[in-house]
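The structure appears below as C-alpha cells.
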Amino acid sequence: MKHLYFWLCCLGLTSVYAQITYTSNNFAGIGASTILSSTQLNTAGYDFTQTGTNYAWNYPLLDVTSQDTQTWTDPNNSGYKTSWCFTNGYIFNCNSNFNNQFNLALPQRDGAVLGGYGLTNIVSHYQKSATALTNKMFGAQLTVGANSVPVTVSYTVPDQEYKFPIQYSDNYTNPSSFSVDLNALGIPIIYQSDNQRTNVVEGWGSLVTPYGTFANTLKMKTTLVSNITITGDAGPTNTTQTTISYKWFDAQYRVPVLEVSGNEINGVWAATQITYVDIQRCLQPTAVFAYVPVLPDYDSATLSASVSFITNAQNYQQLQWDFGDGTTSSSPNPTHVYQCPGTYTVTLSAINTFCVPSVTEQMSMALVVTDSQNVLSNEVIVSDTSLTAVRNHVGTQYVWLDCNNNLPIPGATGQVYTPTTPGSYAVSLVTGNCTSVSDCYDFPSLGTITQTMLQPKLYPNPTTGIVHIELGNAELKSVRVIDILGKVVENSLNLSALHRGLYLVELNTSHGVFVQKVVKE
C-alpha cells in the first residue's frame with residue numbers, strides 16, 4: 001500500500017511539472033487585455049539563453065520601469081477596413097472579404113507626426129486559426145504636410161508568427177515579405193522587407209518573475225532575419241537585421257508571460273527589451289517631450305507658426321499640455337499652431353491616476369517662435385514730416401497713440417501719421433490675432449532753424465555705393481537702410497551690395513532719429 005501511495009504521488013508531481021501544450025484557444029482573442037511591465041536592462045546578471053527540459057528559470061529581480069496595457073481588438077473597428085477594401089478592389093463584397101482575411105487586431109504604440117510627416121494609429125491585422133497566428137496586414141494614418149490619409153500595407157507573403165499547438169521541440173521556419181511604395185503620396189521612397197522567421201521551442205519548466213511563479217511554461221526562441229531594401233532618388237540601399245527573442249508561454253495566460261528580445265550584431269546577442277505579465281503598479285510617471293521645428297518661424301502667408309510635439313512620457317493615465325499661450329491639449333503627440341511670434345513656456349504634465357493620491361511629473365521647455373521675415377515689426381520710421389509704421393502686412397490695423405497720456409489720437413488710423421504738434425508718439429498694431437505696441441518716438445518741432453541745423457546731410461545722392469554723412473556736432477549711434485517694402489537690408493552707409501532703387505536711410509543720432517531718402521544707381 002505504501003508503494004502504491006508513493007507511485008501515485010510521483011504521478012501527481014509529473015502531471016504538475018510535465019511539459020504543457022499551448023493551443024490556439026489559450027492565445028488571446030478579441031477583448032483580451034494584459035498589463036505588461038517593461039524593465040531597464042539591469043538584468044542582475046541573468047542569462048536568458050539558458051534552457052533545457054524541466055528547467056527552472058528564475059528572474060525575480062527584474063526592475064519595473066514602465067507599464068502598458070496590451071489589448072487585442074476587433075479588426076472591423078480598427079478604421080482600416082474601407083481603405084483595405086478599396087486598395088484591393090473589393091467594392092461590393094468588402095465585409096465578407098475583410099472578415100475572411102482578418103479576425104484579430106493589435107494596436108501598436110502611438111506613432112507621431114513631426115514636421116508635417118509621420119505615422120499614427122498603427123494597427124497590426126491578424127488571422128488566428130486553430131493551427132496558426134498570422135500577421136497579414138498593418139494599417140496606419142499617414143500624414144504628409146496638411147494631408148492625413150489611412151494607408152494599409154498587406155504582406156505579399158504573410159508572417160506566420162506561431163503555429164498551434166505550441167509544443168516542446170517544435171522547429172519550423174517561415175518566410176514573409178511586404179513592400180511600401182510612397183511615390184504615389186509624393187514621397188520618393190520604396191521600402192521592401194523580406195524576412196525569415198524561425199521558431200524553436202527549446203525548453204520547458206518553471207519560471208519566476210516579479211509577478212510570481214509559473215509552474216509550467218514552454219520556452220520559444222524566435223530568430224527573425226530581415227533583408228531590408230530602401231529605394232530612393234539615389235538608388236537602393238540594402239541592410240540585414242537579425243532579431244532574436246525568447247518567449248515563455250503558460251497555458252493560463254493569453255500572451256507570453258515573459259519576452260526578452262534584442263538584436264544580434266556580429267554574432268553577439270544582447271537584450272534590448274524585456275516585458276512580462278504583471279499587475280498594475282503605482283509607478284512614478286515621467287514627462288519627456290521634444291518638438292519640431294526647433295526654431296519655428298512665423299509664416300507671413302498663414303500668420304501663424306505650426307509646431308509638432310512628441311512625447312516619450314511613461315506610466316501615466318492622463319497627459320496635459322500647456323502651450324504657454326493660454327491653450328491646452330490632452331493628446332499624446334499634438335500639433336499646435338501659434339498665432340504670434342514670441343517666447344512661450346511649454347509644460348507637459350504626466351499624471352498617474354492609479355496611485356492614491358495621484359502622482360504627477362512635469363517638464364517645461366522654452367519655445368521661441370521667430371519672425372525672420374519681420375512680418376510683425378514694431379519699428380517706426382521718423383522723417384522730418386511724418387511717422388511711418390514699418391509693418392505693412394495687408395489687413396493690419398493701426399491706431400496712433402499720444403505717449404503723454406497713452407490715449408488714441410482721433411482719426412490717426414493709417415500706416416503713416418503726420419503730427420500737427422511736437423510730441424512723443426507710438427502706434428498700436430493688430431495683424432491677424434497679434435496685437436502689439438511700438439516704442440514711443442519723439443517728433444521734434446517743424447520748420448525751425450534749429451531743426452534745419454540738426455538735419456544730417458547725405459552725399460552723394462544718388463550714389464553708386466558708399467554714402468557720406470555730415471552730422472555737425474551730433475554723434476551717430478546706428479544706421480539702418482530700409483527698402484520700399486519696409487525690410488532692413490543694410491546696417492551701414494555702404495550700399496554697394498544693394499540693387500538699384502529708392503531706399504530710406506534711418507540715422508539714429510544723439511540729436512534724434514532722422515530718415516532720408518537715397519537713390520542707389
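Basis for what follows: all heavy atoms, side chains included, without hydrogens, waters or symmetry-related copies.
- Between Y276 and Y59, the gap from one ring centroid to the other reaches at least 6.0 Å.
- Considering F178, Y126, Y80 as possible partners of F138, the one that fulfils the ring-ring contact (aromatic ring centres under 6.0 Å, His included) test is F178.
- Note: Y338 and Y344 meet the aromatic proximity criterion, with ring centroids under 6.0 Å apart.
- Within 6.0 Å of atom CD in Q241, more than 12 heavy atoms from other residues, nucleotides or ligands are found, so the atom counts as buried in its surroundings.
- One distance of note links OG1 of T134 with CG of N174; it measures 8.5 Å at 0.5 Å rounding.
- You'll find the ring centres of F214 and Y253 inside the 6.0 Å limit.
- Checked against a 6.0 Å centroid threshold, the rings of F48 and Y246 do not count as neighbours.
- Judged by distance alone, the side chain of T51 and the main-chain N or O of E202 form a donor-acceptor pair under 3.5 Å.
- T39 and D63 are not linked by any side-chain donor-acceptor pair at a separation below 3.5 angstrom, with hydrogens and angles left out of the test.
- Residues Y90 and W84 bring their aromatic ring centres within 6.0 Å.
- Heavy-atom contacts from other residues, nucleotides or ligands closer than 6.0 Å to CZ of F86 number 12 or fewer.
- Residues V346 and F289 approach most closely at O-CZ, 3.8 Å, considering heavy atoms.
- The side-chain tip of K219 does not point at the ring of Y55 from less than 6.0 angstrom away and within 45° of straight on.
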